[in-house]
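Comments concern the structure below.
One-based numbering, in listed order, for ligands and for the atoms of each. In this chain, numbering begins with 1 at the start of the sequence shown. A quick note: this is a predicted structure, and the numbers were derived from the prediction, not measured. These values consider heavy atoms only, across backbone and side chains, with no hydrogens, waters or symmetry-generated copies.
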Amino acid sequence: MEYGALVDLYEDLETTDADTALIEQLATALSEADPETVPLLVTLLQGRPFVAWEDCDLGVSSSLTRTAIAKATGQSEDQIEDWWRETGDLGSAAAKAVENERQQTLFGQSLTVEQVQETLEQIAAYEGTGSQGRKVDAIAGLLSDADPATAKYLVRTVLGHLRIGVGEGVIRDAIAEAFLSGTEADVGVVERAYQVTNDYRVVVQTARTEGRDGLAELEVAIGRPIDVMLAEKAESIETGIERVAAEPEAVLAEFKYDGVRAQIHVDGGEVQMFTRRLTDVTTQFPDIVEAVSENVNAERAILEGEIVGYNPETGEMVPFQVLSKRIKRKNNIEAAIETIPVTLYLFDAMYVEESLLESRLEDRLAVLESVLTEQPPAIERAENRRTGNRSELETFYQDALDAGQEGLMLKNAEATYQPGSRVGYMMKVKPTLETLDLVVVRATYSEGRRSNQLGRLYLGCRNEETGEFEEVGRLSTGFTDEELAIVTERLEPLIHETDGRDVTLEPKLVLEVEFEELQGSPEYDSGYAMRFPRFVDFRDDLSVRGVDTLERVEDIYHSQ
Ligand code: AMP
């Protein structure tokens with residue numbers, strides 16, 4: 001297939017808003033494409049040359065792409081940077097660079113979709129010294145014969161951001177429309193096929209050649225990670241019990257551990273491990289591989305659990321930030337195993353010798369427990385209680401918090417596994433939000449509709465030793481339009497320096513802010529940042545001396 005034909009399709013899709021029209025266009029394109037190109041088409045239409053869980057990353061930054069555009073078109077990098085700024089899109093800047101090329105080539109050589117894919121695979125494979133240069137050359141090579149529209153979409157593809165509005169749901173519906181009859185039931189069949197394979201290339205090919213029956217026969221495969229089931233948040237144990245299951249007898253509660261979700265695939269003697277984002281992290285965790293090999297008695301399995309790090313001296317659990325060092329670690333893994341040992345707490349089984357996706361949670365767990373030999377502290381079943389009794393659960397919740405864990409997971413023991421969905425079969429209960437009273441020290445005017453409003457506020461806590469205010473993050477949500485107008489009205493007289501859209505303020509206006517948690521952050525001078533902060537109220541009853549102290553911020557951070 002000519003890449004130009006795909007570019008035409010991208011352009012049509014980009015200018016189409018309604019989902020139904022998008023689906024129509026896509027379905028026509030899929031049914032008219034050559035059979036060999038169809039799988040490639042579905043991945044390229046999602047703006048990435050690989051499926052989410054393939055261990056392939058192009059490793060191409062914006063600046064590297066800018067260099068490649070300059071090289072292919074003879075435009076200066078500064079000029080490209082200006083166009084980028086003007087349009088807000090490096091793809092559009094590339095189109096302008098091609099348009100303004102002094103020596104217009106005849107856009108002669110036509111590129112095929114397969115050639116583009118091949119080059120992208122090569123780019124992903126370049127590693128080590130000289131690889132950046134080779135990536136630039138390869139991208140410049142693609143761009144050298146491109147017309148402006150082609151350049152635009154090539155650049156967006158290498159950056160992984162197509163901006164044409166085609167999401168997974170649109171692809172699903174288009175496959176059902178193109179190769180089945182497009183009914184609601186057909187959409188359901190395609191959806192299930194995608195859930196078990198997590199790969200639209202397989203789904204589209206099966207739909208094309210074997211139709212409904214072929215799709216219905218697709219199954220989970222070891223080595224191909226499943227999209228994980230997601231949790232919803234409950235405000236309290238009581239609402240969690242009500243929402244997770246119709247009958248309290250169906251409630252199963254587990255500790256909600258503060259670690260990293262792991263999906264473990266066992267295939268004979270081989271063990272592979274994926275994160276929640278489905279990245280393969282097997283090499284970083286040889287200790288988990290060993291614990292699973294020795295203590296899970298199954299030939300073929302897909303299990304799920306949470307990895308939690310602990311302090312080897314005290315045995316106490318370490319915060320997620322410490323554990324995350326092990327995920328990033330590529331060298332000297334043996335030393336990391338010693339300093340940050342981990343426990344795997346298993347909480348689900350999606351496959352043990354056969355697929356368990358259609359089995360009820362209690363049955364999946366019975367299978368899990370039958371193949372697992374617990375070996376603390378390396379590998380254990382997650383702490384759990386089979387009860388929907390509120391007071392028993394309140395006690396269990398307290399136990400979880402006392403153990404330094406995040407809270408509880410309430411699950412419906414009768415529900416099947418729902419890959420990739422947030423359907424209320426799993427509710428998390430965590431302590432309610434924290435609040436702080438902080439002073440606005442800096443602000444930025446918003447963009448767009450609220451451009452005359454100071455919509456981004458940087459908030460400070462008080463360092464009692466120095467008397468200075470130190471920033472703990474920025475706030476831009478939770479206000480009504482009226483409240484934001486009041487904030488702006490009250491802040492403008494306090495401005496003592498303006499730099500473009502940024503202003504520095506006399507610290508006077510005190511606000512109450514709620515947030516999910518505090519994270520360590522090098523971005524702010526206090527060393528901390530609030531996660532998901534929201535405006536609660538003005539604190540005119542407090543003077544700046546009443547602003548919360550850095551000490552309190554540190555206390556909250558350590559108690560989380
Ligand atoms: P959240 O990230 O707050 O949406 O909570 C969901 C995450 O909690 C999951 O992705 C898991 O990583 C984690 N988790 C910890 N303990 C459990 C458990 N017992 N069951 C399920 N998920 C758990």
- prompt: Under a 4.0 Å heavy-atom cut-off, which residues neighbour ligand 1?
  reply: Glu254, Phe255, Lys256, Tyr257, Arg261, Arg276, Glu306, Phe347, Met409, Lys411, Lys428, Lys430
message: Less than 4.5 Å apart, side chain to side chain, heavy atoms only: is that true for Leu438 and Leu511?
response: no
query: Is the distance between the ring centroids of Phe255 and Phe396 under 6.0 Å?
result: yes
field: Any Val513 side-chain heavy atom under 4.5 Å of Thr435 side chain
entry: no
Separation between CZ of Arg385 and CG of Leu408, rounded to the nearest 0.5 Å: 10.0 Å
task: Check the angle between the aromatic planes of Tyr524 and Tyr458 and answer parallel, tilted or perpendicular using the 30° and 60° thresholds.
output: tilted
- prompt: Do the ring centers of Tyr345 and Tyr257 come within less than 6.0 Å of each other?
  reply: yes
